[in-house]
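The structure appears below as structure tokens.
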2 protein chains.
Amino acid sequence: MSVLELRSARRAAVRRLDAPVASAASPVEAADRPWLDQILVGDCIAQLEKLPRHSVDLVFADPPYNLQLGGDLVRPDQSKVDAVDDDWDRFESFEAYDAFTRAWLLAVRRVLKPSGALWVIGSYHNIFRVGAKLQDLGFWILNDVVWRKANPMPNFKGKRFTNAHETLIWASRDREAKGVTFNYEALKVGNDDLQVRSDWLFPLCTGSERLKNADGDKLHPTQKPEALLWRILTATTKPGDVVLDPFFGTGTTGAVAKRLGRHFVGVEREHAYVEHARARIDAVRPAPEEGLAGVTPKRSEPRVPFGSLVEAGLIAPGTRLTDARRRHAALVRADGSLAVGPESGSIHRMGAAVQGLEACNGWTFWHVETEGGLAPIDVLRQRIRSALTAVPA
Amino acid sequence: MSVLELRSARRAAVRRLDAPVASAASPVEAADRPWLDQILVGDCIAQLEKLPRHSVDLVFADPPYNLQLGGDLVRPDQSKVDAVDDDWDRFESFEAYDAFTRAWLLAVRRVLKPSGALWVIGSYHNIFRVGAKLQDLGFWILNDVVWRKANPMPNFKGKRFTNAHETLIWASRDREAKGVTFNYEALKVGNDDLQVRSDWLFPLCTGSERLKNADGDKLHPTQKPEALLWRILTATTKPGDVVLDPFFGTGTTGAVAKRLGRHFVGVEREHAYVEHARARIDAVRPAPEEGLAGVTPKRSEPRVPFGSLVEAGLIAPGTRLTDARRRHAALVRADGSLAVGPESGSIHRMGAAVQGLEACNGWTFWHVETEGGLAPIDVLRQRIRSALTAVPA
DNA sequence: ATTTTCTGTGAATCTGCTC
DNA sequence: AGAGCAGATTCACAGAAAA
């Protein structure tokens, strides 16, 4: 079962439920904490002043990334990429961005309980600045976590590595914080009895989960997948905890919090986002308690490209490969390409080329000379694979 | 076969090679650049002053990040370090680390060529500070890359996620840098014809690759795997480039650089590391030259204007061109222009015009009728190119 | 009804040379 | 320095359309 299948199965199961709204504030709570399970509309720092200090268990923050994009970007098919060009993502300078970061971190710090913790997500444009600033302010980093995107946007111009991940920082309010929630056992059980690592694989938020506006276009440029919030909330909150999201957007944090029987508070400036978020959260029915286990993607065998055999030293550059009958020969190069005369390409391309075919499985076609005779390079791949899937003792 | 055995097998295989030491400085170079392929022993910043400015193509830096061992840090301002040691304070310590980071980044920046680039590796303890500082100094981040550890150390206390990755930052010296090396095509070919992503999977440096001291203990606490450096150097340097490692340690950068036919310069303070690194690098035999050539990017192939196909008689004036689906048609003219009705222009302009697009690659858009069916005119260009390269050297 | 093909799209700091 | 232009460049899905 794939990650996607898992996710639809989970969502279908959740929709069938008809349990009472566990996370709705009770009458007593409503009088005491009128901000509970609400979206506060307005500027993040001004609105946070309405909350009492030490009232929040967890903060999840998805601040503007300060992308600093240049001109338009077009795909190889000449279609235009719908970039993040919103006003809220534009800052005058690094200094302005740092001041903004400092302000919301301080506001958030005031409302956090001493045992509270903070999650921030960002990309290389902003995450280093945010991370340094939160260290400066006394937050204590517990982990950095990488969201590996299953289906990232490619680098269309071929000038960089595919930007295939975002970074999350998990930090306690204080260095000496006691009682920070981490549901270690539950996470481990949900992960085939293996500790959950700091690199998480999730697809982007697409398809029916992605909120659309009246025109059918995406409502928010950076809506996060619910699976990501699910993992965060099941890992680092308890049922009944209060989760604050100071950049609420379309309310993913609120929707997942409600589903998981946690309280939320959101702050959002844009009225259009707030309206959609309210409707979205209203439609959520909390899962019954026994259904609150996390979803874990199936661990699949890592794909091993030919280049990694060269990198790992299993095949030295300059090695000659042949086919099983030694009719064709090729030279391995340091970058993982094969050279046949003046031509070069991947093991698959060159395997196809020497045979005059459209396609070829290079792993089984090309062989290497060993002490025990000619062996397909696929046996080397198997060795790498076992090295890469080795479970720590 | 275990990972350890794999590594010995590889090292043995590489030692068997007996090619000339391609990366050793020639006599001329030795006089001109006496620091080439050397380890400079001493303080990083002081030693870097010995190198001329704009002399280095790439920097790989694995800086120390143990914030609490003041003595382990090489700081520009020694008096300040003493003060911190006596009255250790978190804020003071971050400040000291930032000053240290600033100093080595500036030193490195001076020796980098304008087209040069920098790699830094770190963990959540230091990487956010380093990333923010290098942005402050004018470096321009090209990617952040995650090294996913195949076999990380588990979190023994069960209080955190398994710390299973480290973060690398790849940055150009300047925002407007031109000519930064990125061997995109070669990377793609070595990765089964897929773009390489920003998350890389490698095992830790263990087994026979891991240098040991006389007691059999690991010599260096954070020796990096050679495969990681292999990836970095094949991706972002060319043969013959100069790679600087200001925190040389056990010389992984130097060993891989030599093997790949790149020059290195190392700076290291600890004599024990320097000795081991020298012996290690001396034992390295470079890969044969024919294994070091990379895939030729299309962008660097000789430019062949469409007109020369007409001149060479490969396409006669009056020939009709169409797109792959025969939706559009154009007429070849003697001067190498295309005519569509009353309009005419280059193959690119007219390709764009008939589709109503801003731009178009006419070489792949326009097709010509051949015996074997419709073929893109790019195949005709390829014939011209191979005719050009067939000229004896 | 089922399978195949086509089209659209996602937090992106995304060209390089000549005149 | 800025304009002009040749020409190089994409992966994993989802959903619609076609077969």
Lys/Arg N to Asp/Glu carboxylate O, [X] vs [Y], below 4.0 Å:
X	Y	result
A/Asp87	A/Arg90	yes
A/Arg303	B/Asp192	yes
A/Asp62	A/Lys224	yes

Ignoring backbone atoms, establish whether A/Lys159 has a side-chain N or O less than 4.0 Å from OP1 or OP2 of C/dG16.
-> yes
May I ask you to evaluate whether A/Arg90 reaches the phosphate of C/dA11, defined as a side-chain N or O under 4.0 Å from OP1 or OP2?
-> no
For C/dA11 and C/dT15, measure between their C1' atoms and round to the nearest Å.
-> 22 Å
Starting at the 5' end of DNA chain D, write a dot or bracket for each base, bracketing those in Watson-Crick or G-U wobble pairs whose two distances are under 3.5 Å and using | for partners on another strand.
-> .|||||....|||||||||
Between [options], which nucleotide gets closest to the side-chain atoms of [X]?
X	options	answer
A/Ser79	C/dA11, C/dT9, C/dG16	C/dT9
A/Leu204	C/dA11, C/dA12, C/dC14	C/dA11
B/Leu194	C/dC6, D/dA12, C/dA12	D/dA12
A/Leu69	C/dA11, D/dA12, C/dA12	C/dA12

Checking only heavy atoms, does the side chain of A/Lys224 share a donor-acceptor pair with the base of C/dA11 at less than 3.5 Å?
-> yes
The residue among B/Ile169, B/Val130, B/Ile141 that forms side chain to side chain contact (heavy atoms under 4.5 Å, CB included) with B/Gln135 is B/Ile141
Please tabulate the protein-to-nucleotide N/O contacts below 3.5 Å involving nucleotides 5-9 of chain D, giving atom names and distances.
residue : atom : partner  : partner atom : Å
D/dA6   : OP2  : B/Ser346 : OG           : 3.2
D/dA6   : O3'  : B/Arg303 : NH1          : 2.9
D/dG7   : OP1  : B/Arg303 : NH1          : 2.9
D/dG7   : OP2  : B/His348 : NE2          : 2.5
D/dG7   : OP2  : B/Trp363 : NE1          : 3.2
D/dA8   : OP1  : B/Arg381 : NH1          : 3.2
D/dA8   : OP2  : B/Arg381 : NH1          : 3.4
D/dA8   : OP2  : B/Arg381 : NH2          : 2.6
D/dT9   : O2   : A/Phe156 : O            : 3.3
D/dT9   : O4   : A/Gln78  : NE2          : 3.3

Counting only heavy atoms not in B/Arg102, do more than 12 fall under 6.0 Å of its CZ?
-> no
If you look only at distance, which donor and acceptor atoms sit under 3.5 Å apart when one is on a side chain in residues 331-343 of chain B and the other is two or more places apart or in another chain?
residue  : atom : partner  : partner atom : Å
B/Arg333 : NE   : B/Ser337 : OG           : 3.1
B/Arg333 : NH2  : B/Ser337 : OG           : 3.4
B/Arg333 : NH2  : B/Ser344 : OG           : 2.8
B/Asp335 : OD1  : B/Ser337 : N            : 2.9
B/Asp335 : OD1  : B/Ser337 : OG           : 2.7

